[in-house]
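Worksheet for the structure shown next.
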Protein chains: 2
Amino acid sequence: MTRVTLAEVARQAGVSQTTASFVLAGRGEEMRISAQVEARVRQAAHESGYRPNVVSRNLRTGTTHTIGFVSDTVATTPFAGHLIWGALDAAREREHLLLIAETEGDPDLEKELIESMRDRQVGGIVIASMYTRWTTVPKGLLEGKSVLLNALPSKPCPVAAVVPDEAEGGRDAARTLLRAGHTDGIYVVGVGTKPGQVPKGGVAAVERLAGIKEVLSGAGVSLAGGALLKDWQPRDGYEASLRLLGRKPEPKALICLNDRVSVGAYQALEDKGLKVGRDVSVVSFDDEPVASWLRPQLTSIAIPHYELGRKAIEVLLDGGHSPPEGTVYRVPMPIRERESVGTPP
Amino acid sequence: MTRVTLAEVARQAGVSQTTASFVLAGRGEEMRISAQVEARVRQAAHESGYRPNVVSRNLRTGTTHTIGFVSDTVATTPFAGHLIWGALDAAREREHLLLIAETEGDPDLEKELIESMRDRQVGGIVIASMYTRWTTVPKGLLEGKSVLLNALPSKPCPVAAVVPDEAEGGRDAARTLLRAGHTDGIYVVGVGTKPGQVPKGGVAAVERLAGIKEVLSGAGVSLAGGALLKDWQPRDGYEASLRLLGRKPEPKALICLNDRVSVGAYQALEDKGLKVGRDVSVVSFDDEPVASWLRPQLTSIAIPHYELGRKAIEVLLDGGHSPPEGTVYRVPMPIRERESVGTPP
DNA sequence: CCCTAGAGCTAAATCGGATTAGCTAGCGAG
DNA sequence: CTCGCTAGCTAATCCGATTTAGCTCTAGGG
């Protein structure tokens, strides 16, 4: 039951603990351990089922091969689990494990958890947000390596950040519409078109809208209007779309700021007897699973959760020296073109 | 930059390291440390911003206040993140953190990860599955505390398991239909009605069906038929439902084995010009977010992810002595009654 | 025959706390 | 005056690795 220790292995192999340590650390060559002794040690270790006690190694080396992953809520966003997944994969490739915790948005708890992780000598900390947003960097963070994931520091600070390239995503949404021939009756659902008409804290909303406007105006097209929503749930999207469908110019395309809003938009269009993709095109963001369940299937700009998670770990663990600290890494948002965008009637 | 150690605190307080240790461990009273000395130590610790090095404590005490959470895939099931959430909450209440890893269904990787966690001296391991299923218990597990989460051991073994009470969920689904007055034309979508017509590995399918049959036959009602599906995605549900809608007796109620299948069923019903809740009732399982996005909103038996996660940690950390090992804990599946069940026409 | 150099190992220190086994001073009893 | 006891604290060991600083022995050069 009690684990075999290195000392035990050394005794069985008839060598000193030092020698055993060198051999098992792969430093046998370097330390000029003879092939015979090396073999004896390896055999003893193997036969006894020796597994090093990582904790003691940690104590000596000061490195735990562990990364702290602190998120606000893993729970509420489905598929945000992909964030963790990507991080997990990248961490495992580097022989690290993830120590995770959740703050539920409580700054005190966040601080406490970060300290708790530092106490455990983690090699770095990822502060993840499930929605892209601005965040105040807890100062405890600065005392070691860290990265913001899906969040941007609200004031300049030396911590790197990894976020989706929302602006480019917005541009892609607009391009898709232009390519299909849309030039008017384009509305956004989720934000207003005037500055400041944006849900608070939402990086995504601001940047997506900026990208959309940029490409449209580059083509001499402007948004016909928009609807600021407090929440981005199907019900909100439904009500807003219904209102928008009464407006002039007649809506020919809706850019929904997320897929849930799109679900509502589909329902509003159905109620009005309008056919998605024929009468009115819809482009969306996030690419939740529901996007491909809708009929017609929804064209959506995906949040690259997996890649975001990976990137955060890469930034934390690989180099991280060369790029100036405070760098913002933007991960491309792939567009999933499906059936909801068509040529305007 | 270098952390303050206990020795440093002791020096500042002018006492021995032993004394400082006793005071900060809250054993001052017990060890008859005078109030003055105690105060001096506390002050020194506070002023220097002392934080104990958890790793070294771990080494001595052999306990890391960490639980290993190994899952097959956190990623693919949305809201399975709630599993982690519940576990995280319960762990934090007990001053533990979670070390997580993912096996992606690879048994070798699973074994390796479990060992890796044991090497880190975790206090216990949760083996989580994202879908309720039977699983072979990796024998490495038995060498320490562990719990299966959302999974059952395929052969008897001393490891406890925490799973949703699928059978009772099935009973609830049937009861809901009976209560609304359904007595015939009840079909299941996802499994066949004959023994063995069940997707492989699926505990959920088997137990839900058993519960459904039990209650129905108790009321002298029998299932009119079913459709075995390999996968439980909307497309599968759509096709199966379409086929079922041509069968006799005429379908009056569909019990869909999950919400995705229900999405497909809704679409099939719509294509046939049938109205959910009026012409055909639908009961579902899982209660994914989409259940409340559908029109009419879908009645669904929820998977209690959060509670499952909590329970697993509780079983692992609290006592765990008294109940016979190998116990299966069943967590109730709450039914979310919405609008998709109506009186048969 | 002595000295040096390297090959091949090992003793001992170290990481930072937790814990065990004392040690000392002071007081009261005998 | 001595012994015993206790309050109040400390020295030393331990946890299980890693790592530094040697130590020993043999072979070769002078």
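Every chain is numbered from 1 and lettered A, B, ... according to where its sequence line falls, protein lines coming before strand lines. Just so you know, these numbers use all the heavy atoms, side chains as well, and skip hydrogens, waters and symmetry mates.
Among residue pairs with one or both ends in residues 90-113 of chain B, those qualifying as ring-ring contact (aromatic ring centres under 6.0 Å, His included) are B:H65-B:H96; sequence neighbours excluded. The side-chain hydrogen bond (donor to acceptor under 3.5 Å, both in side chains) contacts involving residues 148-161 of chain B comprise B:T132-B:N150, where partners must be two or more places apart or lie in separate chains.
Atom CG of B:L59 and atom C1' of D:dT18 are 12 Å apart (whole Å). Atom CD in B:E30 sits about 13 Å away from atom P in C:dA18, given to the nearest Å.
Between B:R57 and C:dA18 there is a side-chain polar atom (N or O) within less than 4.0 angstrom of OP1 or OP2. When the side-chain nitrogen and oxygen atoms of B:R27 are compared with OP1 and OP2 of C:dT19, one or more of them lie within a distance under 4.0 Å.
With sequence neighbours excluded, no residue forms a side chain to side chain donor-acceptor pair (under 3.5 Å) with B:S146. For A:T18, the side chain to side chain donor-acceptor pair (under 3.5 Å) criterion is met by no residue, not counting sequence neighbours. Partners of A:A160 under the side chain to side chain contact (heavy atoms under 4.5 Å, CB included) rule, at least two apart in sequence or in another chain, are A:V315, A:Y329. For B:R92, the side chain to side chain contact (heavy atoms under 4.5 Å, CB included) partners are A:E104, A:L109, A:L113, B:D89, not counting sequence neighbours. Every residue was checked against the side chain to side chain donor-acceptor pair (under 3.5 Å) condition with B:R60, not counting sequence neighbours, and none meets it. Taking the side chain to side chain donor-acceptor pair (under 3.5 Å) definition, one finds that A:R120 meets it with B:T66, sequence neighbours left out.
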Dump every N/O contact between nucleotides 7-11 of chain D and the protein below 3.5 Å, one line per pair.
unit_1, atom_1, unit_2, atom_2, d
D:dA7, OP2, B:R32, NH1, 2.1
D:dC9, OP1, B:S34, OG, 3.4
D:dC9, OP2, B:S34, N, 2.5
D:dC9, OP2, B:S34, OG, 3.1
D:dT10, OP2, B:S16, N, 2.9
D:dT10, OP2, B:S16, OG, 3.0
D:dT10, OP2, B:T19, OG1, 2.6
D:dA11, N7, B:T18, OG1, 3.4
D:dA11, N6, B:T18, OG1, 2.8

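Within 4.0 Å (heavy atoms only), B:L6 reaches sugar-phosphate atoms of the nucleic acid but no base atom. Residue-level contact check: A:T61 touches the backbone only, with heavy atoms under 4.0 Å from sugar-phosphate atoms and none from bases.
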Pair up each side-chain donor or acceptor in residues 8-15 of chain B with any protein partner under 3.5 Å, not counting sequence neighbours, and list the distances.
unit_1, atom_1, unit_2, atom_2, d
B:E8, OE2, B:R11, NH2, 3.2

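Contacts between residues 41-52 of chain A and DNA chain D, defined by a heavy-atom separation below 4.0 Å, involve A:Y50, A:P52, listed by number.
Rounded to 10 degrees, the angle separating the terminal axes of the helix from C:dC1-D:dG30 to C:dG30-D:dC1 is 80°, with each axis obtained from five end pairs.
The two atoms that bring B:D72 and B:S129 nearest to each other are OD2-OG, 3.2 Å, heavy atoms only. Considering all non-hydrogen atoms of both residues, A:F69 and A:I84 come closest at CE2-CG1, 3.9 Å.
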